[in-house]
> 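Pasting a structure here, questions to come.
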Number of protein chains: 2
Amino acid sequence: MSGAPSSWQVIQDQIRQRISRREWQPGEYIPHETDLAAEFGCARATMNRALRGLAEEGLLERRRKAGTRVALTPVRLARFHIPVIRDEIESKGASFQFSVLHRAIAVPPPDVLTRLQTGADQPQLHLQTLYTANGAPYVHEDRWINLDAVPAARDEAFASFSPNEWLVREAPFDGGDFTLSATAATAHDARVLGCAEGEGLFVLNRTTQAGGAVITSVRMVFHSGYAMHTAL
Amino acid sequence: MSGAPSSWQVIQDQIRQRISRREWQPGEYIPHETDLAAEFGCARATMNRALRGLAEEGLLERRRKAGTRVALTPVRLARFHIPVIRDEIESKGASFQFSVLHRAIAVPPPDVLTRLQTGADQPQLHLQTLYTANGAPYVHEDRWINLDAVPAARDEAFASFSPNEWLVREAPFDGGDFTLSATAATAHDARVLGCAEGEGLFVLNRTTQAGGAVITSVRMVFHSGYAMHTAL
DNA sequence: GAGTGGTCTAGACCACGTT
DNA sequence: ACGTGGTCTAGACCACTCT
């Protein structure tokens, strides 16, 4: 389907099998790169590529001088695609809309001040936006934009581009963090998202930075029933 | 702190800067590997390593014959460490305990049957386990184990090892999927987790496989206030 | 001090897709 | 048909850590 697997991928799969079949026990040292390369009849660089991948997945632990061992605790890491709202909605075949419910310039509350790393006397841009799919509420976004970092936002109406898309275009970020959590729908959440008060809602908090400066801090509350999914 | 950055990392950072500073616009084709390698005075393999990493991050799009371009939509992917409960709790300096609240062999409900890919006439092992940190409820686990795939589970008491840890030891997996969502605490949730009914709780559904066979399907409901966090 | 993985190079061939 | 990225090799030097 997707092309012939390359040599290092084949080798990687073989190694993976030896691990999952317990031919190499957890905690056990496996042969050195050089020996494995000889066994598989490939260059050491190729074997390195295969093993490096497994180490990045957390299946192997490698240390210079010590060697390579099978990880004791297979600490798997899951990859989640961070949603660009429009893409996520349109990829489901639904139509995308948004409306800015609230727009103001004000001093953020303390928790946002901390995240934005701005002063208590510096007003910033506050936006509340509802994104809908086929007209149904999809996610409610409560966003603060650091006007020192993105002064152009002050005069932006967010008519043709949603805050989300506008920022991606105008203020490319190079860092940040995510927090996923849950909350019970408040009366306000319920009204905006069109769900019952008290329902469990999925929440994503996100801060993005560029060159060390925090650009924006956003809290997104998703519609009831929303879930993030990934394969291992 | 963590060693001198290697050449390909330095190069990768330079490229990253050119992108985030808009020296190369989104959608724009950047020079070929060969040319960039010449410009940076490195081997093509080294440049390839740098660019490949950026492509995996979603910052670049590469196609044979076409070339390399800056991604239009920087579809970032976030990496989350999948919690091994004991490690997660102990890494916070808390003590780890667990207790199996319920243990039975029965035919799973329809949704679990689908996930386990077993028949409606095949009883499987059902476990409900509470994990605690310093005695406080941490996560409640509702797990079904496929006895065809893991027959040894039938006679396991899960006294010294939690279901979680026992499975990691006895039935190494090589695939699966995750779903993250939210729910409002039911009366049962509230009682088990010691929270108020109706609170928003974080839920992780997980299915793990080995060699194509589904080993276990589990739903974990975390204590109120739990969050998953990651940096970009 | 010595051994192992980490990285780099120059060159080659191949696979894919048509900026 | 041809150009570009993907992969592989053989050899070399280096960095880190000490099952």
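In what follows, chains carry the letters A, B, and so on, assigned in the order in which the sequence lines appear, proteins first and then strands, with residues in each chain numbered from 1. Keep in mind it's a predicted model, so treat the numbers as computed, not measured.
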> Students often get this wrong, so: under 4.0 angstrom with heavy atoms, is A:T34 touching a base, only sugar-phosphate, or nothing?
nothing
> What is the distance from OH of B:Y29 to P of D:dT4, rounded to the nearest Å?
11 Å
> In residues 35-50 of chain B, which residues come under 4.0 Å of DNA chain D by heavy atom?
B:R44, B:N48
> Check residues 45-53 of chain B and write down every donor-acceptor pair under 3.5 Å in which the side-chain atom is one partner and the other belongs to a residue at least two apart or another chain.
| unit_1 | atom_1 | unit_2 | atom_2 | d |
| --- | --- | --- | --- | --- |
| B:N48 | ND2 | B:E33 | OE2 | 2.6 |

> Are the side chains of A:Y131 and A:P163 in contact, using a 4.5 Å heavy-atom criterion?
yes
> Between C:dC16 atom P and B:R64 atom CZ, what is the distance in whole Å?
6 Å
> What integer distance in Å separates A:I30:CD1 from C:dT4:C1'?
12 Å
> Rounded off to whole Å, could you give me the CZ-to-C1' distance for the A:R69 and C:dG5 pair?
15 Å
> Can you list, by residue number, the residues of residues 51-62 of chain A that have a non-hydrogen atom closer than 4.0 angstrom to DNA chain C?
A:R62
> Considering residues, nucleotides and ligands other than A:R22, do more than 12 of their heavy atoms fall under 6.0 Å from its CZ?
yes
> Can you tell me if the side-chain N/O atoms of A:S7 get under 4.0 Å from OP1 or OP2 in D:dC8?
yes
> Given atom CD of A:E33 and atom P of D:dC16, what is their separation to the nearest angstrom?
17 Å
> Taking only residues two or more places apart in sequence, or in another chain, which ones meet B:R18 in a salt bridge (Lys or Arg N to Asp or Glu O under 4.0 Å)?
B:E39
> Rounded to whole angstroms, how far apart are NZ on A:K65 and P on D:dC14?
19 Å
> I'd like to know whether A:Q124 forms a side-chain contact (heavy atoms from CB on, under 4.5 Å) with A:V112, so could you lay out the CA-CA distance, the side-chain angles of the two residues, the decisive distance to 0.1 Å, and finally the verdict.
CA-CA 10 Å; A:Q124 310 294 352; A:V112 175; over 6 Å; no
> Sorted by first residue and then second, give each ring pair (Phe, Tyr, Trp, His ring centres under 6.0 Å) pair with at least one member in residues 23-46 of chain B; sequence neighbours left out.
none
> Taking 4.0 angstrom as the limit, do A:E165 and A:R86 come out as a salt bridge?
yes
> Below the 4.0 Å mark, does C:dT7 have OP1 or OP2 next to a side-chain nitrogen or oxygen of B:S6?
yes
> Could you say whether A:G67 or A:W8 is positioned toward the 5' end of DNA chain D, judged by the nucleotide with the nearest heavy atom to each?
A:W8
> Figure out the CZ/C1' separation between B:R63 and C:dA15, and round it to whole Å.
15 Å
> In chain order, what residues pass the salt bridge (Lys or Arg N to Asp or Glu O under 4.0 Å) check against A:E57, with sequence neighbours excluded?
A:R16
> Determine whether A:L204 and A:V221 satisfy the following criterion, side-chain contact (heavy atoms from CB on, under 4.5 Å), listing intermediate values before the conclusion.
CA-CA 7 Å; A:L204 189 162; A:V221 181; over 6 Å; no
